[in-house]
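These notes are about the structure you will find just below.
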Amino acid sequence: MNERAIQSIRALEILDSRGFPTIRVRVTLKDGSVGVASVPSGASTGANEATELRDEDAKRYQGKGVLTAVKNVNTEIAALLVGRDATEQPAIDAAMIELDGTDNKSRLGANAILGVSQAVARAAAQSCEVPLYLWLGGVGAVHVPVPMMNVLNGGKHADSSLDFQEFMIMPKGAPTFAEALRYGSETFQALKKILHGKGYATSVGDEGGFAPQLKGGNDEACELIVTAIEKAGYRPGKDIAIALDPAASSFFESGKYRLVRSGQGEKTSDEMIALFGQWIGRYPIVSIEDGLAEDDWVGFAQMTAAMGAKIQIVGDDNLVTNPRFIARGIREKTCNAALIKLNQIGTVSETVDAIHLCRKAGWGFVISHRSGETEDTFMADFAVAMGGGQIKTGSICRSERIAKYNRLLEIEAELGGAARFGA
Ligand code: PGA
Ligand code: ZN
């Protein structure tokens, strides 16, 4: 009898950090090993993401229940996988994709499939008595990612005056992950004091960044961050840089970028690129994700040609962690890095494929959470398994964000002298 065969798979409807339903899956193996995984959920989603299956039953959770996805796991997927060897991750993922039978996992739900995929990986790691990062990444998994911490929230993540969704600090000059986290935390607290001193609110948005009504909009956000970095005793650009995710699809309407909240008016693609060009001269910005809308492939290519040698241009909504779109992005020189979200594509194996494509092309990659998260820390282990790179998992508050940072602290400590930090 194969001790690592899957004995049972059970799913449960739980709540995410916004209080909306999501799915948790528990996989048990014959030898008693257990893997549990919970799936996150986005708000500013790309049109081509794998389908997050919702019940659409208006009587429950405003239609956002996931009982159908739960049922799909407990019936069809369990029937498919019980008895299979949990260490055969690629074969298990491929079998679920085949069972689903659609291009975007819309029949069984990418949330159902990913929950199982991640829980299987966890159960296999436990059965082999190795930590998850080692199971997925092998003995070479010693690189701890550089965090991008989202300290000011706007766009679809907060009712602030910011059109741009994420203003992040990146402690790239820190010697270790633990020190990077300290740099970030101290800057976050300095920013809180500065905001308070100026009479701005210090309540936070979905990802734990402050969400004030800044009079000076997006520009003031960058200025305040630079001041906070200095106040905390760090050198802007050297110790701590700025990374942005405008999530431009969310304010792109009828062919124009509408910076309504900040009062900066309407902009064309060229004008947005010019604005970013000015900003990278003025602020220590090292990375811009979704500076343009997901269908603006031409604009993306122009932006990469204009500033890709100086900064990282990250594709999220346009690439959706899908090897097909990433391959097109590489061909058309659309970006020079990809955002990587497990639930955009829906299996662990396909996410690994997406990262391999990036690596082969010399692209950067950023492992990312979603704005609706859970206490699950799979992505922290996954980032180390994939060789580090960068990780985007929110601000320095809210436990669903901190859980990932705490797990990375644990991994770095466990690796001891073998741990490597930075690109
Ligand atoms: P989402 O936002 O999780 O709401 O999609 C994250 C991002 O745009 O990177
Ligand atoms: Zn994004």
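Remember, it's 1-based here, ligands and their atoms both numbered in the order they're listed.
Proximity to Gly42 (heavy-atom distance under 4.0 Å) selects the following atoms of ligand 1: 1 (P), 3 (O), 4 (O), 5 (O). Set against the non-hydrogen atoms of Lys392, the atoms of ligand 1 under 4.0 Å away are 7 (C), 9 (O). Distances below 4.0 Å separate heavy atoms of Asp245 from the following atoms of ligand 1: 7 (C), 8 (O), 9 (O). In summary, the atoms of ligand 1 found under 4.0 Å from a heavy atom of Glu289, numbered by their order in the structure, are 9 (O). If you number the atoms of ligand 1 from 1 as listed, the ones under 4.0 Å from a heavy atom of Asp316 come out as 7 (C), 8 (O), 9 (O). Close approach to Glu166 involves these atoms of ligand 1, each under 4.0 Å from a residue heavy atom: 6 (C), 7 (C), 8 (O), 9 (O). Heavy-atom contacts of Arg370 reach the following atoms of ligand 1: 1 (P), 3 (O), 5 (O) (cutoff under 4.0 Å).
For the side-chain hydrogen bond (donor to acceptor under 3.5 Å, both in side chains) with Ser41, the lone residue among Glu52, Lys64, Arg18 that qualifies is Glu52. Shown are Val314, Ile355, Leu357, Leu319; of these, the side-chain contact (heavy atoms from CB on, under 4.5 Å) with Trp363 is made only by Leu319. Among Glu207, Glu373, Glu166, the one residue that satisfies the salt bridge (charged side-chain N to carboxylate O under 4.0 Å, His left out) test with Lys392 is Glu166.
With hydrogens left out, the protein atom closest to atom 3 (O) of ligand 1 is Ser371 N, 2.8 Å, a heavy atom. Considering only non-hydrogen protein atoms, atom 8 (O) of ligand 1 sits nearest to Gln165 NE2, 2.9 Å.
By the criterion of a heavy-atom distance under 4.0 Å, the side chain of Leu339, and not its backbone, is placed next to ligand 1. In Asp317, neither the side chain nor the backbone holds a heavy atom less than 4.0 Å from any atom of ligand 1. Only the side chain of His157 comes within contact range of ligand 1, with a heavy atom under 4.0 Å; no backbone atom does.
Between Ile14 and Ile23 there is no side-chain heavy-atom pair separated by less than 4.5 Å. Looking at heavy atoms from C-beta onward, Ile326 lies out of side-chain contact with Asn322 at the 4.5 angstrom threshold.
With the Zn ion (ligand 2) as the vertex, OD2 (Asp316) and OD2 (Asp245) define an angle of 170°, rounded to 10°.
Using the six-membered ring where Trp is involved, Phe251 and Phe164 have ring planes that are parallel, under 30° apart on the 30 and 60° scheme.
Among the atoms of Arg18, none of the N or O lies under 3.5 angstrom from an N or O of ligand 1.
Here atom 6 (C) of ligand 1 lies nearest to Lys341 when heavy atoms of His369, Glu49, Lys341 are compared.
Within the 4.0 Å heavy-atom cutoff, Lys156 does not count among the residues contacting ligand 1. Look at Ala247 and you'll find every heavy atom at least 4.0 Å from all atoms of ligand 1.
For Glu289, the N/O/S atom at the shortest distance from the Zn ion (ligand 2) is named OE2.
The number of heavy-atom neighbours closer than 6.0 Å to CG of Asp103, taken from other residues, nucleotides and ligands shown, is 12 or below.
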Does the pair Asn104 and Glu49 meet the rule for a side chain to side chain donor-acceptor pair (under 3.5 Å), with working shown? CA-CA 7 Å; Asn104 55 0; Glu49 292 193 18; over 6 Å; no
Start with the C-alpha gap between Gln312 and Glu289, add the side-chain angles, then the distance that decides, and say whether side chain to side chain donor-acceptor pair (under 3.5 Å) holds. CA-CA 8 Å; Gln312 180 172 260; Glu289 170 189 337; over 6 Å; no
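Considering every non-hydrogen atom in both Ser395 and Phe188, the closest pair reads OG-CE1, 3.1 Å.
Judged by the 6.0 Å and 45° rule, Lys267 forms no cation-pi pair with Tyr257.
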